[in-house]
Amino acid sequence: MAWREPLVGHVLPKHIAVIMDGNGRWAHQRGLPRIQGHFQGRKAAKRCVQACVDLGIEALSMYAFSAENWRRPEDEVRGILDLLEAAIREETPELHDVEVRLTASGRLHELPESLQQTIAQSREETKHHKGLTLNLLINYGGRTEIVDAAKMVARKAMAGELDLDKLEEKGFSALMYSPELPDPDLVIRPGGELRISNFLLWELAYSEIVLMPVLWPDFNEHHLVEAILEYSHRQRRFGGLASDDARHLVMPE
């Protein structure tokens, strides 16, 4: 796979998070219905997942549907959720083939019942896979995640299961939607916008962010390589001095 060659010898992130932005604008530029942009975005997501598998990336989080997306026109919301359900159902067999474990983050209980069932079935079928962990953020908001964690803290404290004076960041992180995943090392935002859009607010404290002008439906392996190359040249200090992060892998020849 020649597209991987520029990464040989470079540091790779362990966990990549992607804000998949620009589907609607892509469709508008072509005089197409917005749902066509989302359909092409599904193809871009599939390319990104496969590329991360090929590179040996350990985790990939993809912002599929935000808690704010309910404000969009009803037909677009219904189309996006139907597209998500079809994508998960139809592509789970392919996830099996490449040992991808699927999980999901967000207020999943508020989603349509059929989508909840599809997510649950795919999670169950792929839970033992040891390759890439694909985390779909659906009905997700960074603020609602923190609020939900705070509610859990309150419940545990009232039940006598938690001493608030001993609560630290690590303990609070354990109450997030996907505590088994490490914080993202690299966040990629295509679409040209300069904001994080309520995405993983707690987890992005020290993530490197790469903004790209390409609209999500046009995103491909070469854009992923470009983002990783930019990431690999940055020094991550985590509030201190520059140091090597043992969690990272170097792309082999």
Would the distance check show the side chain of Ser207 and the main-chain N or O of Pro184 forming a donor-acceptor pair, the cut-off being under 3.5 Å? yes
So, do Thr103 and Ile119 sit near enough that their side-chain heavy atoms are less than 4.5 Å apart? no
Is Glu74 salt-bridged to Arg78, cutoff N-O under 4.0 Å? yes
For Gln121, look at atom CD and say whether over 12 heavy atoms of other residues, nucleotides or ligands are found less than 6.0 Å away. no
Donor-acceptor pair, side chain of Ser197 and main chain of Phe199, under 3.5 angstrom: no
Is the number of heavy atoms from other residues, nucleotides or ligands within 6.0 Å of CD (Glu180) greater than 12? yes
Could you check whether Glu76 and His38, counting side-chain N and O atoms only, form a donor-acceptor pair closer than 3.5 Å? yes
Kindly list each side-chain donor-acceptor pair under 3.5 angstrom involving residues 128-143, sequence neighbours excluded, with atom names and distances?
{"unit_1": "His129", "atom_1": "ND1", "unit_2": "Glu99", "atom_2": "OE2", "d": "3.4"}
{"unit_1": "His129", "atom_1": "NE2", "unit_2": "His96", "atom_2": "ND1", "d": "2.8"}
{"unit_1": "Thr133", "atom_1": "OG1", "unit_2": "Arg101", "atom_2": "NE", "d": "3.4"}
{"unit_1": "Thr133", "atom_1": "OG1", "unit_2": "Arg101", "atom_2": "NH2", "d": "3.3"}
{"unit_1": "Asn135", "atom_1": "OD1", "unit_2": "Ser105", "atom_2": "OG", "d": "2.9"}
{"unit_1": "Asn135", "atom_1": "ND2", "unit_2": "Ser61", "atom_2": "OG", "d": "3.2"}
{"unit_1": "Asn135", "atom_1": "ND2", "unit_2": "Ser105", "atom_2": "OG", "d": "3.2"}
{"unit_1": "Asn139", "atom_1": "OD1", "unit_2": "Trp70", "atom_2": "NE1", "d": "2.7"}
{"unit_1": "Asn139", "atom_1": "ND2", "unit_2": "Arg107", "atom_2": "O", "d": "2.8"}
{"unit_1": "Asn139", "atom_1": "ND2", "unit_2": "Glu110", "atom_2": "OE1", "d": "2.9"}
{"unit_1": "Tyr140", "atom_1": "OH", "unit_2": "Glu145", "atom_2": "OE1", "d": "2.5"}
{"unit_1": "Tyr140", "atom_1": "OH", "unit_2": "Leu200", "atom_2": "N", "d": "3.2"}

Would you say that Phe219 contacts Val18 through its side chain, given a criterion of any heavy-atom pair below 4.5 Å between the two side chains? no
Distance-minimising heavy-atom pair for Ile196 and Leu201: CD1-CD2, 3.6 Å
So that I can tick it off, tell me whether Lys170 and Glu168 are bridged by a salt bridge, with the cut-off set at under 4.0 angstrom between side-chain N and carboxylate O. no
Residue pair Glu208 / Val187, side-chain heavy-atom distance below 4.5 Å: no
Please answer whether the main-chain N or O of Pro182 pairs with a side-chain N or O of His15 as donor and acceptor at a distance below 3.5 Å. yes
Are the charged groups of Lys46 and Glu94 less than 4.0 angstrom apart, N to O? yes
Applying side-chain hydrogen bond (donor to acceptor under 3.5 Å, both in side chains), name anything that partners Arg30, two or more places apart in sequence or on another chain. none
Who pairs with Leu194 by side-chain contact (heavy atoms from CB on, under 4.5 Å), at least two apart in sequence or on another chain? Leu211
How about Asp148 and Tyr177: does a side-chain donor come under 3.5 Å of a side-chain acceptor? yes
Find out whether Leu55 and Leu7 are in side-chain contact, i.e. whether some heavy atom of one side chain is under 4.5 Å from a heavy atom of the other. yes
Gap between atom CD1 of Ile209 and atom CZ of Arg234 - 0.5 Å precision: 8.5 Å
Determine, using the 4.5 Å side-chain heavy-atom cutoff (strictly less than), whether Ile19 and Leu186 are members of one ILVMFWY cluster. no
For Gln40 and Asn23, test the side chains for any donor-to-acceptor distance below 3.5 angstrom and give the result as yes or no. no
Kindly compute the distance separating CG (Leu84) from CZ (Arg89), expressed to the nearest 0.5 Å. 11.5 Å
Leu181 side chain near Ser178 side chain, heavy-atom distance below 4.5 Å: yes
May I ask you to say whether Asp54 pairs ionically with Arg4, meaning some side-chain N is under 4.0 Å from a carboxylate O? no
Sidechain N-carboxylate O distance under 4.0 Å for Arg155, Glu161: no
Side chain Thr92, main chain Ile88, donor-acceptor under 3.5 Å: yes
Test item: Leu60 and Cys48 side chains (from C-beta on) under 4.5 Å apart, heavy atoms: yes
